[in-house]
Amino acid sequence: MKPAIKAMQEWLKTCPLVAGQLGNNVAFHIDYLPEDTTQFSIEDSPGDPVLQEFFSGRRKAKNYVLASRMEYSESIAQQAANSGFWDDFADWIEAQSDARRLPDLGEGRTAERVAVTNSGYIITSEDGTCRFQIQIRLEYYQQKGTT
């Protein structure tokens with residue numbers, strides 16, 4: 001079975017904003033963000049994994065941080081561009097979820113929704129770059145007997 005974080009990575013790479021930001025050089029890592037500004041990372045974040053239990057399975061959730069290293073300066077235009085990118089990325093996630101174009105989790109698991117739980121914000125800044133991230137949540141149904 002495909003790990004949920006891998007399914008999320010594949011799904012997020014389909015966002016046209018990522019390709020527009022980085023061209024064909026998109027690197028989308030799992031739990032690793034290099035210093036290079038042309039890279040993204042999806043990382044696990046803590047949270048209660050079980051939302052509901054049923055006779056036939058469980059509704060579950062996985063929380064993630066989606067991060068990127070971006071150019072950073074005191075320029076209001078640069079700060080606005082960074083913030084605008086993450087606002088647009090959040091809108092894309094919500095539009096995909098509303099249209100039911102969701103990650104393929106493999107047999108026995110069905111994605112129900114992906115939501116942005118915390119809008120984009122800066123974590124660290126140094127040497128003309130910053131780590132910018134948003135938090136997202138994948139909710140899915142897992143059939144009993146599926147691991």
Side-chain angles (χ1 to χ4, degrees), residues 1-23 25-72 78-127 129-147:
M1 176 178 8
K2 181 190 303 184
I5 196 167
K6 181 69 176 161
M8 286 295 291
Q9 176 203 35
E10 292 169 358
W11 181 73
L12 289 165
K13 282 176 76 170
T14 68
C15 177
L17 295 166
V18 173
Q21 177 88 3
L22 305 173
N25 299 322
V26 176
F28 220 115
H29 301 279
I30 294 176
D31 291 327
Y32 171 70
L33 183 63
E35 296 300 316
D36 189 346
T37 59
T38 61
Q39 318 243 348
F40 285 83
S41 178
I42 184 166
E43 303 163 1
D44 282 307
S45 182
D48 187 0
V50 178
L51 301 176
Q52 289 179 294
E53 293 202 39
F54 303 100
F55 179 75
S56 60
R58 293 183 176 115
R59 279 195 68 240
K60 298 179 84 173
K62 296 279 286 176
N63 296 302
Y64 299 103
V65 169
L66 176 61
S68 180
R69 188 149 317 274
M70 304 183 91
E71 290 182 32
Y72 182 73
Q78 180 65 56
Q79 293 170 8
N82 290 349
S83 184
F85 172 82
W86 289 101
D87 288 346
D88 292 345
F89 204 106
D91 290 345
W92 179 85
I93 289 170
E94 291 170 356
Q96 296 305 298
S97 189
D98 289 347
R100 309 281 304 144
R101 291 187 292 266
L102 298 166
D104 179 2
L105 300 174
E107 191 173 331
R109 296 185 302 176
T110 305
E112 296 179 336
R113 174 185 138 153
V114 178
V116 175
T117 59
N118 200 320
S119 59
Y121 56 97
I122 294 175
I123 294 294
T124 60
S125 63
E126 57 189 51
D127 298 328
T129 67
C130 67
R131 176 187 166 108
F132 217 99
Q133 66 185 40
I134 62 173
Q135 294 173 324
I136 56 179
R137 178 181 175 107
L138 166 66
E139 295 178 9
Y140 62 98
Y141 178 79
Q142 182 169 321
Q143 294 175 353
K144 198 171 220 165
T146 306
T147 56

Nearest heavy atoms of [X] and [Y], plus distance in Å:
{"X": "Pro103", "Y": "Ala7", "value": "CB-O, 3.9 Å"}
{"X": "Pro3", "Y": "Arg109", "value": "C-NH2, 4.1 Å"}
{"X": "Ile93", "Y": "Trp11", "value": "CG2-CH2, 4.1 Å"}
{"X": "Ala67", "Y": "Trp86", "value": "C-CH2, 4.3 Å"}
{"X": "Gln9", "Y": "Ile30", "value": "OE1-CD1, 3.7 Å"}
{"X": "Ser56", "Y": "Tyr141", "value": "OG-OH, 2.6 Å"}

query: Does Asp44 reach the main-chain N or O of Tyr64 with its side chain, forming a donor-acceptor pair under 3.5 Å?
result: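 No; zero donor-acceptor contacts below 3.5 Å.
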message: Quick one: does any side-chain atom of Arg137 pair with a main-chain N or O of Arg113 as donor and acceptor, under 3.5 Å?
response: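 Such a contact is absent between Arg137 side chain and Arg113 backbone.
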State, yes or no, whether a side-chain contact exists between [X] and [Y] at a heavy-atom distance under 4.5 Å.
{"X": "Val116", "Y": "Asp91", "answer": "no"}
{"X": "Phe40", "Y": "Ser68", "answer": "yes"}
{"X": "Arg131", "Y": "Leu33", "answer": "yes"}
{"X": "Gln143", "Y": "Thr110", "answer": "no"}

Run the side-chain hydrogen bond (donor to acceptor under 3.5 Å, both in side chains) test against [X] and tell me which residues pass, sequence neighbours left out.
{"X": "Asn118", "answer": "Gln135"}
{"X": "Tyr140", "answer": "none"}
{"X": "Lys144", "answer": "none"}

Return the [atom1] to [atom2] distance between [X] and [Y], rounded to the nearest 0.5 Å.
{"X": "Ile42", "Y": "Gln133", "atom1": "CD1", "atom2": "CD", "result": "12.0 Å"}
{"X": "Ile136", "Y": "Asn63", "atom1": "CD1", "atom2": "CG", "result": "9.5 Å"}
{"X": "Asp48", "Y": "Lys62", "atom1": "CG", "atom2": "NZ", "result": "12.0 Å"}
{"X": "Leu12", "Y": "Ser41", "atom1": "CG", "atom2": "OG", "result": "11.0 Å"}

message: So, using side chain to side chain contact (heavy atoms under 4.5 Å, CB included) as the criterion, who are the partners of Gln52 when residues are at least two apart?
response: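 Once residues adjacent in sequence are excluded, the partners of Gln52 under the side chain to side chain contact (heavy atoms under 4.5 Å, CB included) criterion are Phe54, Arg59.
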Residue pairs fulfilling side-chain hydrogen bond (donor to acceptor under 3.5 Å, both in side chains) with at least one residue in residues 94-106, sequence neighbours excluded: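 Applying side-chain hydrogen bond (donor to acceptor under 3.5 Å, both in side chains) to every pair that reaches into residues 94-106, excluding sequence neighbours, yields Gln96-Arg101.
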field: Parallel, tilted or perpendicular: ring planes of Tyr32 versus His29, cut at 30 and 60 degrees
entry: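 Geometry flag for His29 against Tyr32: perpendicular rings.
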message: Please enumerate all residues that pass salt bridge (charged side-chain N to carboxylate O under 4.0 Å, His left out) together with Lys6, with sequence neighbours excluded.
response: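 Lys6 satisfies salt bridge (charged side-chain N to carboxylate O under 4.0 Å, His left out) with no other residue.
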